[in-house]
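The structure under discussion appears below in the form of structure tokens.
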Amino acid sequence: MRYSLKEILQNTSSYIFYKKSDDIFEKEYETTLILPQVSEKAQNNSNVIFIPFKIPINDNVADAFYSIKKAISNGARGFFFDEIRFREEKYQNLLFEIIDQYKDKIDFIIMTPDTLQAIFELARYTIKNKFIKDVKVITVTGSVGKTSTTEMIYAILKEKYKVYRGEAMVNLRFRINHKILEADNDVDFLLFECSGANRGYPKIFSELLTPDCAVITKVGTENLGVFKSLDGIAEQKCGLLTCLHEENTAVLNDSPEIRKASKKYNCKKVYTKEGDYQLIKSDANGSKFIYKKKEYEVPVVGVHQINNAMKAIEAAKSFNIPYAVIKSGLKKFKSVGDRWITDNFNGTSFVSDCPNNPSYETMLSCINTFMNLYKDVENKRIAISGIRSLGEHEKKVHTDLAEFIAKQPVKEVICLEPEAKIVYEYLKENAPNIKTKYFEKPNSLGKDEPFVKYIIETLTDNQAFLMKGQGIDPKIRYEDVRVTLKSVFNK
């Protein structure tokens with residue numbers, strides 16, 4: 001998106017701290033956040049503004065300013081800077097050093113009390129004023145299924161319309177603000193996946209985006225430690241409906257918690273639930289089903305994806321998109337992230353599903369799918385990491401998970417990390433027919449790590465192995481187990 005400096009200054013709490021000359025006010029500038037984008041945009045446009053999110057207060061000031069220097073060297077003509085940083089002498093000195101060093105390359109510096117707030121203000125202005133069409137906005141949140149549902153909606157919309165989806169699975173507040181600024185001004189739809197992990201975020205997103213349609217996929221155990229109960233989680237998620245009015249549509253999972261939390265919002269409400277569809281078939285190629293007397297297909301593994309598909313269908317129908325377009329789009333849907341990747345290692349069918357922090361609900365759906373797809377394989381094995389953010393509910397949720405696993409026709413369960421030790425201890429005591437192993441959190445996922453080494457040594461013919469673990473972790477990304485196995489077995 002392109003802006004004049006006048007637009008930026010009039011619509012954000014900011015001011016010009018440094019300017020090379022007065023003719024900067026005659027230009028329009030492109031905004032960007034990510035460094036590769038700076039370089040790419042600078043190739044075709046000499047007027048790029050670099051917008052960092054929060055310059056960290058860092059003892060190593062040179063490191064803190066590396067991103068700005070890099071942006072300027074890649075072609076950025078100006079940048080935002082936080083006033084609070086400028087109050088410290090070391091930041092003042094380095095800012096003046098940058099001006100002196102790059103005075104022939106930068107046009108201006110915009111000073112703002114808070115960069116994040118300034119971008120929020122600019123994004124809100126953009127939504128209301130910068131699109132040449134009557135752009136429609138769709139938002140999606142939920143404890144589970146929000147990325148898949150968002151991608152299904154995107155697959156449908158792009159059959160006929162120009163859609164700005166942005167980068168999948170990057171759904172935090174500062175990135176959604178930047179997504180708006182990155183969009184072309186002639187799109188038909190803006191589609192946003194919105195995190196609800198932080199208190200108040202869905203309400204903030206509703207106020208920023210004023211959606212025409214909001215989707216809440218499901219309320220589950222994720223973040224029970226923060227919001228204390230399913231009712232509390234539903235209340236937070238339904239904050240996404242805050243700015244919907246009576247002509248807008250909310251597509252909601254039909255659960256008591258969501259029905260209760262959504263009752264106060266004045267919009268059209270469409271509820272979907274498990275029993276609303278008729279299954280035709282489900283296998284390794286995906287699922288076919290009938291929903292409201294019409295047949296659809298989603299080409300991804302797992303019947304749980306049908307629940308996401310129903311919500312995508314209803315979101316599309318709220319904009320009067322024809323059945324043929326919806327059906328065609330769903331059939332072309334492709335999942336994103338490290339979801340249900342299958343390999344064969346040493347005669348073992350190896351499945352990894354590690355897109356993010358696993359929840360109780362995703363554990364159940366994933367294990368169910370695995371058991372159904374590999375029902376003819378006698379030696380089925382599972383490796384799971386723990387479920388995070390459960391607070392005082394940690395023991396109960398993991399015990400419930402263990403009780404579920406104990407009923408499955410599985411030969412071995414490998415548990416990782418302290419949280420999952422509850423599952424290990426329950427199975428060891430109550431499921432003597434299931435072999436159990438426990439490993440502390442690995443330091444790495446290389447071939448010599450005890451957990452990975454054990455897998456390598458025990459993969460043999462006629463097995464099916466499921467790795468369901470953390471996708472996002474400060475140190476460990478369990479999808480890397482598959483990468484290591486690939487390097488070992490596929491030489």
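Heavy atoms only: backbone and side chains are in, while hydrogens, waters and symmetry mates are out. Quantities reported herein were computed from a predicted structural model and do not represent experimental measurements.
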>> Under a plain distance cut-off of 3.5 Å, with no hydrogens placed, do T141 and Y201 share a side-chain donor-acceptor pair?
In response: no
> Would you say the side-chain atoms of T362 and S359 include a donor-acceptor pair closer than 3.5 Å?
Replying inline: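 A pair is found: one side chain offers a donor N or O, the other an acceptor, under 3.5 Å apart.
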Distance in Å, [X] [atom1] paired with [Y] [atom2], rounded so as to fall on 0.5 Å steps:
{"X": "S352", "Y": "W340", "atom1": "OG", "atom2": "CH2", "result": "9.5 Å"}
{"X": "I119", "Y": "T12", "atom1": "CD1", "atom2": "OG1", "result": "7.5 Å"}
{"X": "E193", "Y": "T217", "atom1": "CD", "atom2": "OG1", "result": "9.5 Å"}
{"X": "I280", "Y": "F289", "atom1": "CD1", "atom2": "CZ", "result": "9.0 Å"}
{"X": "K428", "Y": "Y438", "atom1": "NZ", "atom2": "OH", "result": "12.5 Å"}
{"X": "M467", "Y": "Y478", "atom1": "CE", "atom2": "OH", "result": "6.5 Å"}

> Within a reach of under 6.0 Å around NZ of K269, are more than 12 heavy atoms found that belong to other residues, nucleotides or ligands?
Replying inline: yes
>> Taking CD in E403 as the centre, count heavy atoms belonging to other residues, nucleotides or ligands within less than 6.0 Å. Is the count above 12?
In response: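 More than 12 heavy atoms, drawn from other residues, nucleotides or ligands, come within 6.0 Å of this atom.
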Under 3.5 Å, which donor-acceptor pairs do the side chains of residues 404-416 form with other protein atoms, sequence neighbours left out?
from	atom 1	to	atom 2	distance (Å)
Q408	NE2	F404	O	3.1
E412	OE1	R381	NE	2.6
E412	OE1	R381	NH2	2.8
E412	OE2	Y454	OH	2.5

Looking only at heavy atoms, what is the nearest atom pair of [X] and [Y], with distance?
{"X": "V377", "Y": "A464", "value": "CG1-N, 3.7 Å"}
{"X": "S365", "Y": "T369", "value": "O-OG1, 2.8 Å"}
{"X": "T115", "Y": "F81", "value": "OG1-C, 4.2 Å"}
{"X": "L208", "Y": "I127", "value": "O-CG1, 4.2 Å"}
{"X": "N248", "Y": "D212", "value": "CB-O, 3.3 Å"}
{"X": "G386", "Y": "E417", "value": "N-OE1, 3.6 Å"}

>> Does anything in residues 256-268 form a salt bridge (Lys or Arg N to Asp or Glu O under 4.0 Å)? List the pairs, not counting sequence neighbours.
In response: D231-K260, E235-K264, D254-R259
> Would S318 and V251 count as a side chain to side chain contact (heavy atoms under 4.5 Å, CB included) if you check the C-alpha gap in whole Å, the side-chain angles of each, and the deciding distance to 0.1 Å?
Replying inline: CA-CA 9 Å; S318 73; V251 181; 5.8 Å; no
> Yes or no on side chain to side chain contact (heavy atoms under 4.5 Å, CB included) for T150 and F192, after CA distance, side-chain angles and deciding distance?
Replying inline: CA-CA 7 Å; T150 305; F192 297 100; over 6 Å; no
[X] (side chain) donor-acceptor with [Y] (main chain) under 3.5 angstrom:
{"X": "T126", "Y": "I180", "answer": "no"}
{"X": "S143", "Y": "G220", "answer": "yes"}
{"X": "S385", "Y": "Q470", "answer": "yes"}
{"X": "T210", "Y": "C243", "answer": "no"}
{"X": "D276", "Y": "K273", "answer": "yes"}
{"X": "S282", "Y": "S287", "answer": "no"}
{"X": "K146", "Y": "G142", "answer": "yes"}
{"X": "H398", "Y": "K421", "answer": "no"}
{"X": "S349", "Y": "N344", "answer": "no"}

> F489 and side chain to side chain contact (heavy atoms under 4.5 Å, CB included): which partner among L459, T484, D343?
Replying inline: L459
>> So if I apply the side chain to side chain contact (heavy atoms under 4.5 Å, CB included) rule between I326 and each of I153, L157, I313, which one comes out positive?
In response: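 Testing I326 for a side chain to side chain contact (heavy atoms under 4.5 Å, CB included) against I153, L157, I313 leaves exactly one candidate, I313.
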Min side-chain heavy-atom separation [X]-[Y] under 4.5 Å:
{"X": "I384", "Y": "E419", "value": "no"}
{"X": "L122", "Y": "L181", "value": "yes"}
{"X": "I341", "Y": "E479", "value": "yes"}
{"X": "Y426", "Y": "I422", "value": "no"}
{"X": "S206", "Y": "P211", "value": "yes"}
{"X": "L241", "Y": "L252", "value": "yes"}
{"X": "L209", "Y": "L190", "value": "no"}
{"X": "E449", "Y": "N443", "value": "yes"}

> Got a sec, which residues hit side-chain contact (heavy atoms from CB on, under 4.5 Å) with S13, two or more places apart in sequence or on another chain?
Replying inline: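 For S13 the side-chain contact (heavy atoms from CB on, under 4.5 Å) partners, ignoring immediate neighbours, are P113, E121.
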>> By the side chain to side chain donor-acceptor pair (under 3.5 Å) test, which pairs, at least two apart or in different chains, include something from residues 298-317?
In response: T149-N308, N253-K311, T272-K311, E274-N307, Y291-E314, K292-E314, Q305-N308
> Salt-bridged, D353 to K468, with N to O below 4.0 Å?
Replying inline: yes
>> Salt bridge or not between E392 and K228? Use side-chain N to carboxylate O under 4.0 Å.
In response: no
> Stepwise, does the side chain to side chain contact (heavy atoms under 4.5 Å, CB included) test hold for L330 with M152?
Replying inline: CA-CA 6 Å; L330 275 182; M152 287 181 184; 4.0 Å; yes
> So among R165, R339, K332, K158, which one has a salt bridge (Lys or Arg N to Asp or Glu O under 4.0 Å) with E151?
Replying inline: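 With E151 as partner, salt bridge (Lys or Arg N to Asp or Glu O under 4.0 Å) holds for just one option, R165.
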>> Under the criterion side chain to side chain donor-acceptor pair (under 3.5 Å), I'd like the reasoning laid out for T242 against E207: C-alpha separation, chi angles, the key distance, then a yes or no.
In response: CA-CA 7 Å; T242 300; E207 292 169 347; 5.9 Å; no
>> side chain to side chain contact (heavy atoms under 4.5 Å, CB included), that's the test. Do F350 and T342 meet it? Break it down for me.
In response: CA-CA 6 Å; F350 189 92; T342 59; over 6 Å; no
>> Could you work out, with ring pair (Phe, Tyr, Trp, His ring centres under 6.0 Å) as the rule, every residue matching F370, not counting sequence neighbours?
In response: Y374
> Considering residues at least two apart in sequence or located in another chain, which fulfil the ring pair (Phe, Tyr, Trp, His ring centres under 6.0 Å) criterion with Y277?
Replying inline: none
> Less than 6.0 Å separating the ring centroids of Y164 and F189?
Replying inline: no
